[in-house]
Amino acid sequence: PATPAGTELAFVRSVTNESFRYRDAIAAAADAAQNEAEYPAGRFGAELAAVAQMIKGRLGARIYLVSLGSFDTHANQLGQHAALLRQLGDGLAAFFDDLGASGDDDRVLAMTFSEFGRRVEQNGSNGTDHGTSAPLFLAGPGVRGGLVGAPDLSALDAAGNLRYTTDFRSVYADVLTGWFGLSPAETQSVLGASYESVGLISAPVATAAAPSPGFDLHPVTP
């Protein structure tokens, strides 16, 4: 009915129907490809394996998100952090081996991000507390290898935190323009300002055309 309740109901039905269509598309893409690498056990490896299937199955999504938690290491950090980094490294190695077997690795870029950093000084529980800076990794054949912005452990701020050397929005700008093919103006509109490139992308993925009309943020209400 042409009432507020009718508008809400139409919205719910629309989301439901789109979810069904997307579910069918995901299933079709996953069924069209097989993993060709051995992934590490656990949720992170399983998520990467699923993403590889969808990429090889030509789902068509431009961005996939997987997560690896438990980096909030306030206690007993040494062994836990080493195990987490091994999960990250082994998982990404299997992921790119899998994509390389089908020739899809050249068109995939992996990037890590976190919502918090760590302090330098060890706390009383053999861990570290929340800090103001954090590392960020990019991986893939199209990435220019090497370390960018090495931290200076002798130049901490007054609170004992690392001073960041690279604005994370410069990394995002590199990815948006150098990988996704957005124009500088589109990238600036996404980030809200212009940020200097740090030259992270050496071999951009070849695309038939740049994303158009760019990144749309659709409302999640009627």
To the nearest 0.5 Å, what is the distance between [atom1] on [X] and [atom2] on [Y]?
X: D90; Y: E38; atom1: CG; atom2: CD; result: 10.5 Å
X: I63; Y: M111; atom1: CD1; atom2: CE; result: 8.5 Å
X: S102; Y: I55; atom1: OG; atom2: CD1; result: 9.0 Å
X: E121; Y: N161; atom1: CD; atom2: CG; result: 10.5 Å
X: T165; Y: D152; atom1: OG1; atom2: CG; result: 10.0 Å
X: F137; Y: L92; atom1: CZ; atom2: CG; result: 10.0 Å

Give a yes or no on whether the backbone of [Y] and the side-chain of [X] come within a donor-acceptor separation of less than 3.5 Å.
X: S14; Y: A10; answer: no
X: E47; Y: S67; answer: yes
X: Q77; Y: G127; answer: no
X: N35; Y: A37; answer: no
X: T73; Y: A75; answer: no

Under 4.5 Å between side-chain heavy atoms, hopping through other hydrophobics if needed: is there a path connecting [X] to [Y]?
X: L68; Y: L78; result: no
X: F116; Y: F113; result: no
X: V198; Y: F180; result: yes
X: F95; Y: L138; result: no
X: Y164; Y: V175; result: no

Side-chain ion pair, D24 and R21, N-O less than 4.0 Å: no
Presence of salt bridge, R58 and D104, under 4.0 angstrom: yes
Decide if atom [atom1] of [X] counts as having more than 12 heavy atoms of other residues, nucleotides or ligands within a radius under 6.0 Å.
X: E36; atom1: CD; answer: yes
X: R13; atom1: CZ; answer: no
X: Q122; atom1: CD; answer: yes

How about [X] and [Y]: do any of their side-chain heavy atoms sit closer than 4.5 Å?
X: D167; Y: S170; value: yes
X: D174; Y: Y195; value: no
X: F71; Y: L85; value: yes
X: N17; Y: Y22; value: no
X: D72; Y: H130; value: yes

Considering all heavy atoms, the nearest [X]-[Y] contact:
X: A32; Y: G57; answer: CB-CA, 4.3 Å
X: D105; Y: P141; answer: O-CD, 3.4 Å
X: L162; Y: P151; answer: CD2-CB, 3.9 Å

From CA spacing to verdict: side chain to side chain contact (heavy atoms under 4.5 Å, CB included), L156, R163: CA-CA 6 Å; L156 305 180; R163 301 178 188 271; 6.0 Å; no
Pair Q188-S183, side chain to side chain contact (heavy atoms under 4.5 Å, CB included): steps then yes or no: CA-CA 9 Å; Q188 183 172 338; S183 69; over 6 Å; no
N76 and Q80: side chain donor to acceptor below 3.5 Å: no
Donor-acceptor pair between D98 and Y39 side chains, under 3.5 angstrom: yes
Linked hydrophobic residues, L9 as query - side chain contacts closer than 4.5 Å: none
Candidate pair Y172 and T187, rule side chain to side chain contact (heavy atoms under 4.5 Å, CB included), full reasoning: CA-CA 9 Å; Y172 285 20; T187 296; over 6 Å; no
I26 and R23: CA distance, side-chain angles, deciding distance, side chain to side chain contact (heavy atoms under 4.5 Å, CB included) verdict: CA-CA 5 Å; I26 290 175; R23 176 203 61 190; 5.8 Å; no
Those residues that, when tested against L147, pass side chain to side chain contact (heavy atoms under 4.5 Å, CB included) (two or more places apart): A150
Of H74, R118, H81, the residue whose pairing with T128 passes side-chain contact (heavy atoms from CB on, under 4.5 Å): R118
